[in-house]
Amino acid sequence: MAVSRPTFMMIVNPFAGAEHARKIWPKIEVQLKEQKVNYKAVMTKHPGHGVQLARNFALQHKLDQSWVVVAVGGDGTLHEVLNGLHQGGGDQIPLGYIPAGSGNDFARGIKLPTQSMAALQQLLEVQSPTNLDVGVYKNRLDSHETLFTNNVGIGFDASVVHAANDGQKDHLKKYHLQSSAYVFSLIKAFLNQKGFQLSVETAQTKQRFSHAFLVTTTNIKYFGGGVPIMPIADLRDGKLDLVVVEQIGILRFVKLFVEMLTTGNHLNSTVVHHFRTSQLHLETDLPENGQVNGENIQKQKFNLSFWVTQRPFWIAGP
C-alpha cells in the first residue's frame, strides 16, 4: 500500500566520511526545504548515539505509520539506526538511507547512488516501502541480538577495520591521506593476522577449519568499501552468504584479491569456501577481532548464531 507524503526523521552523523556528512547536510536541508518536505533532524554526538536516538524515536512512534527514519552517514550510522529502531520496537518503521560515509557498501548493494544528493532525490521519489532481508546474529555467551544490513567479519577483514578505526584515520587526516587508511591497515592486518580454528554449522553441513583467515557472513555483494566478495548475494532471497578463506601466502592472497576485484573467480579457489543458508552457527576456539558494517566488535572468542529476518526500507523497488 502506497504511503503518501511521509514525515522524515533524519538522524545525521556529522563525523561520517571524514566529516563529509557535516559538509553535505546543509545542501540536503536546502533541497528538503525547496521541495517543502516535512522533516525533523537530529545530529549524533558520539559513537552509539545513533542507537539511542533511533530507539527513543521508535518508543514514541512505533505505531505511527506516517514516519520514515533516514540514516545520513556511513554504513556504521545505518547500523546504529537499524538497531536502535529494533530495540525500540520500531521494526515496522520504514528505514531510509542517504550515504555520506567512506565505504557506502549498503548503497552499492541496493544500487542506490553513492552520491548523497542523488540518493536524496531518489529517496524523495519513493512512494512505498520495500521489504529487504536483514541479518541477525546472537552471541550465545550473552544472548544479545544484533541486526546488520551488510556483513559480520571475523579474522582478517575485522583486523583491517580495527587497524583503520584505531586512530589510523585521525593520524592520516593531518596529511590528507585518510583515504589511504585502509591500504596501510590492509598491510598491517595481513602481517599480524594468524590462521585460527573455526567451526561452521548450517542446517545442511558441519565443517571445521584449522587455518581460517578471513570469515565473512554477508547479506550484500560488497565489503571493505566496494570489494565484491560475494557477487551473487541477494537481499531478497531469505539467505545469508558465508565466505571462509583459509590462510595462504601473500602472493597467492594478492592474486585472490585481484580476482575478487575483477572477475569473481575467487569463489572457485580451493582455499575459498562458500555457504548459502538461512541459519548459521560460527564458533572460534580463541579470541579474534570482529567487525559489523565496518565497526569494531570487541576481540573475543566467538560463538554466534545467525538467521535472517525482513524489514521495510524506504528505497526504490527492484
Side-chain angles (χ1 to χ4, degrees), residues 75 103 105 108-109 135 137 148 150-165 182-202 204-234 239-277 280-297 299-304 306:
D75 290 317
D105 282 326
R108 291 185 178 89
Y137 70 88
F148 64 98
N150 295 17
N151 36 63
V152 176
I154 302 171
F156 173 70
D157 69 311
S159 295
V160 173
V161 168
H162 277 251
N165 290 346
Y182 287 99
V183 177
F184 288 99
S185 302
L186 194 78
I187 298 169
K188 179 180 178 182
F190 187 88
L191 295 175
N192 292 336
Q193 178 65 49
K194 307 299 181 185
F196 55 93
Q197 296 189 30
L198 172 76
S199 296
V200 175
E201 182 177 352
T202 71
Q204 295 78 30
T205 186
K206 292 182 180 180
Q207 197 162 343
R208 186 165 176 83
F209 298 91
S210 298
H211 297 93
F213 185 74
L214 183 155
V215 179
T216 299
T217 303
T218 189
N219 191 40
I220 61 174
K221 297 179 180 181
Y222 304 99
F223 81 150
V227 179
I229 188 170
M230 183 42 58
I232 58 176
D234 186 345
K239 298 182 186 299
L240 295 169
D241 290 276
L242 170 66
V243 178
V244 178
V245 180
E246 297 183 78
Q247 187 173 31
I248 51 179
I250 187 168
L251 293 180
R252 192 176 179 190
F253 184 82
V254 169
K255 179 177 180 293
L256 195 69
F257 195 74
V258 169
E259 290 177 345
M260 193 180 298
L261 288 171
T262 55
T263 65
N265 289 338
H266 64 285
L267 294 176
N268 298 325
S269 171
T270 57
V271 297
V272 177
H273 307 270
H274 173 221
F275 305 81
R276 173 164 284 180
T277 180
L280 173 68
H281 178 236
L282 298 178
E283 188 170 354
T284 64
D285 287 17
L286 296 173
E288 298 293 336
N289 285 325
Q291 66 88 14
V292 55
N293 271 40
E295 299 298 316
N296 295 348
I297 299 176
K299 190 172 185 176
Q300 60 186 274
K301 181 179 175 182
F302 284 96
N303 191 335
L304 303 179
F306 292 82

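Numbering of residues begins at 1 and proceeds along the displayed sequence. The figures that follow rest on heavy atoms only: side chains count, while hydrogens, waters and symmetry mates do not.
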Side chain N150, main chain V292, donor-acceptor under 3.5 Å: no
N289 side-chain N/O to K299 backbone N/O, donor-acceptor pair under 3.5 Å: no
Spatial distance of atom OH (Y137) from atom CG (L304) [nearest 0.5 Å]: 7.0 Å
Donor-acceptor pair, side chain of R108 and main chain of G103, under 3.5 angstrom: yes
Value rounded to 0.5 Å, distance of CG in D157 from CZ in F223: 5.0 Å
Salt bridge (charged side-chain N to carboxylate O under 4.0 Å, His left out): pairs with one or both residues in residues 281-294, sequence neighbours excluded: R208-D285
Test item: H274 side-chain N/O and D241 main-chain N/O as donor-acceptor pair under 3.5 Å: no
Donor-acceptor pair, side chain of D105 and main chain of G225, under 3.5 angstrom: yes
Value rounded to 0.5 Å, distance of CG in D75 from CD in E295: 9.0 Å
Residues which pass ring-ring contact (aromatic ring centres under 6.0 Å, His included) with F148, listed by chain and number, not counting sequence neighbours: none
Closest contact, heavy atoms only, Q300 versus T284: O-OG1, 4.3 Å
Spacing of CG belonging to L261 relative to CG belonging to L256, to within rounding of 0.5 Å: 10.0 Å
G155 versus F196, closest heavy-atom pair with distance: CA-CE2, 3.7 Å
Minimum-distance pair of heavy atoms, taken over all atoms of H162 and I297: NE2-O, 3.1 Å
Shortest non-hydrogen separation from I229 to H266 and the atoms involved: O-NE2, 2.9 Å
Side chain to side chain contact (heavy atoms under 4.5 Å, CB included) between E259 and L267, intermediate numbers included: CA-CA 9 Å; E259 290 177 345; L267 294 176; over 6 Å; no
Residue pair L282, V200: steps toward the side chain to side chain contact (heavy atoms under 4.5 Å, CB included) verdict: CA-CA 5 Å; L282 298 178; V200 175; 3.7 Å; yes
Value rounded to 0.5 Å, distance of OG in S159 from NZ in K194: 11.0 Å
L240 side, atom CG; F306 side, atom CZ - distance, nearest 0.5 Å: 7.5 Å
Donor-acceptor contact below 3.5 Å, side chain S269 vs main chain V271: yes
Side-chain (N151) to main-chain (Y222) donor-acceptor, under 3.5 angstrom: yes
Verdict with supporting geometry, L280 and T217, side chain to side chain contact (heavy atoms under 4.5 Å, CB included): CA-CA 9 Å; L280 173 68; T217 303; 3.7 Å; yes
Trace of the side chain to side chain contact (heavy atoms under 4.5 Å, CB included) decision for E246 with H273: CA-CA 8 Å; E246 297 183 78; H273 307 270; 2.7 Å; yes
Side chain to side chain, L198 and F302, heavy atoms closer than 4.5 Å: no
Over all atoms of both residues, closest heavy-atom pair of V215 and A212: CG2-CB, 4.0 Å
Aromatic centroids of F190 and F213 separated by under 6.0 Å: yes
Nearest atoms (heavy-atom pairs only) where G153 meets A158: O-CB, 3.6 Å
